[in-house]
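Reviewing the structure listed below.
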Amino acid sequence: MNARTTTAPEDAYTAEPFVPRRGGLPALRRAAADCRGCPLHRDATRTVFGAGAADARVMLVGEQPGDQEDREGRPFVGPAGKLLDRALAEAGIDPGEAYVTNAVKHFKFTRAEPRKRRIHKAPSLREMTACAPWLAAELAVVEPELIIVLGATAGKALLGSGFRVGQVRGTLLEEEIHGRSERLVPTVHPSSVLRADDREGAYQGLVQDLRTAARILSQASP
């Protein structure tokens, strides 16, 4: 006789059962703290949910939390986040008026040896799909006028596996995302600027893409 086995919630690879249907961002944030929609929650310190006002005109979507974000519980507080804030301000977008989040809410990492530094590892398509209900809920609450897509992983999470940031960066896209018509401007993830050989050139490219987003927002202003 076989021993009875039970299936853990994360084996289903979907956050859907954990997403509340009402209560706005506060309810979503509380519920996300207990999400077990995929195995990433096991090793991460905490869920890193989005941050910003529910009426933000622009939403920035990145890949996943990094090491510092995982420890502090807030998105974009590490070196890449500081660079992003500087680039936004230079482009004419107030970082304090944006809603920032990630396609995946838990830090995925690897270690060469125990106790060594945690090294970022890109989330899989299955993990991005599992986390998609959280991003869909954030979009439904915030209803941003514009989404700034930060990097290839965020682009694939929103626009499908065929997304290539180099082909569409700095352009305005209009697509249906989670049942809503959205306007998006893709650009590189700020962490790629920090890794670039020509960091200044990469930074200016990011600022130029963000200026495109700023122009679109100014044209939409009443």
Side-chain angles (χ1 to χ4, degrees), residues 50-52 56-66 69 75-104 108 120-125 127-129 131-132 135-136 138-139 142-178 180-221:
R57 296 181 64 205
V58 60
M59 178 183 286
L60 294 103
V61 180
E63 177 189 277
Q64 66 163 343
E69 287 81 5
F76 288 95
V77 295
K82 291 178 174 60
L83 183 143
L84 177 61
D85 283 352
R86 180 161 61 93
L88 284 166
E90 191 169 329
I93 299 173
D94 185 346
E97 295 182 359
Y99 184 90
V100 293
T101 191
N102 284 298
V104 173
K108 183 178 182 179
H120 160 276
K121 188 175 182 182
S124 68
L125 181 59
E127 290 156 351
M128 287 188 285
T129 302
C131 215
L135 188 54
E138 288 173 293
L139 285 167
V142 179
E143 296 184 317
E145 295 175 33
L146 185 68
I147 301 169
I148 297 176
V149 184
L150 300 171
T153 298
K156 289 176 181 177
L158 287 165
L159 299 163
S161 59
F163 175 84
R164 298 292 182 271
V165 67
Q167 296 175 359
V168 291
R169 63 175 297 181
T171 64
L172 176 63
L173 307 178
E174 298 191 28
E175 301 285 347
E176 184 171 308
I177 308 292
H178 296 302
R180 287 172 39 85
S181 178
E182 303 285 6
R183 287 152 45 102
L184 312 94
V185 172
T187 186
V188 297
H189 195 282
S191 63
S192 71
V193 175
L194 295 174
R195 297 191 302 267
D197 292 333
D198 178 9
R199 187 178 293 188
E200 181 58 26
Y203 175 77
Q204 291 303 327
L206 171 62
V207 171
Q208 188 60 40
D209 293 344
L210 295 176
R211 284 188 176 127
T212 298
R215 282 196 300 272
I216 293 165
L217 287 167
S218 66
Q219 290 164 4
S221 297

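Count residues from 1 along the sequence.
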Any donor-acceptor N/O pair, Lys82 side chain to Val77 backbone, under 3.5 Å: yes
Sub-4.5 Å side-chain heavy-atom contact between Thr212 and Thr187: no
Minimum heavy-atom distance Ser124-Lys108, with the two atoms named: N-NZ, 3.9 Å
Glu69 side-chain N/O to Gly66 backbone N/O, donor-acceptor pair under 3.5 Å: yes
Any donor-acceptor pair under 3.5 Å from Arg199 side chain to Leu194 backbone: yes
Where Ala56 and Ala98 come nearest, the two heavy atoms and their spacing: CB-C, 4.1 Å
Any side-chain heavy-atom pair of Met59 and Thr101 under 4.5 Å: yes
Listed partners of Asn102 passing side-chain hydrogen bond (donor to acceptor under 3.5 Å, both in side chains), at least two apart: none
Close side-chain approach of Val149 to Val61, heavy-atom, < 4.5 Å: no
For Arg180, the option from Glu138, Glu143, Glu145 that meets salt bridge (charged side-chain N to carboxylate O under 4.0 Å, His left out): Glu143
Flag side-chain contact, heavy atom, 4.5 Å: Leu84 against Leu150: yes
Interatomic distance, Asp94 atom CG to Leu217 atom CG [nearest 0.5 angstrom]: 12.0 Å
Flag, side chain of Gln64 to backbone of Lys121, donor-acceptor distance under 3.5 Å: yes
Identified side chain to side chain contact (heavy atoms under 4.5 Å, CB included) counterpart of Val58 within the set Ile93, Ile216, Leu88: Ile93
Close side-chain approach of Pro190 to Phe76, heavy-atom, < 4.5 Å: yes
No-hydrogen, no-angle side-chain donor-acceptor test under 3.5 Å, Gln204 and Glu200: yes
Leu135 to Ala103 - nearest heavy-atom pair and separation: CD2-CA, 4.4 Å
Pairwise side-chain contact, Leu173 with Leu159, heavy-atom cut-off 4.5 Å (strictly under): yes
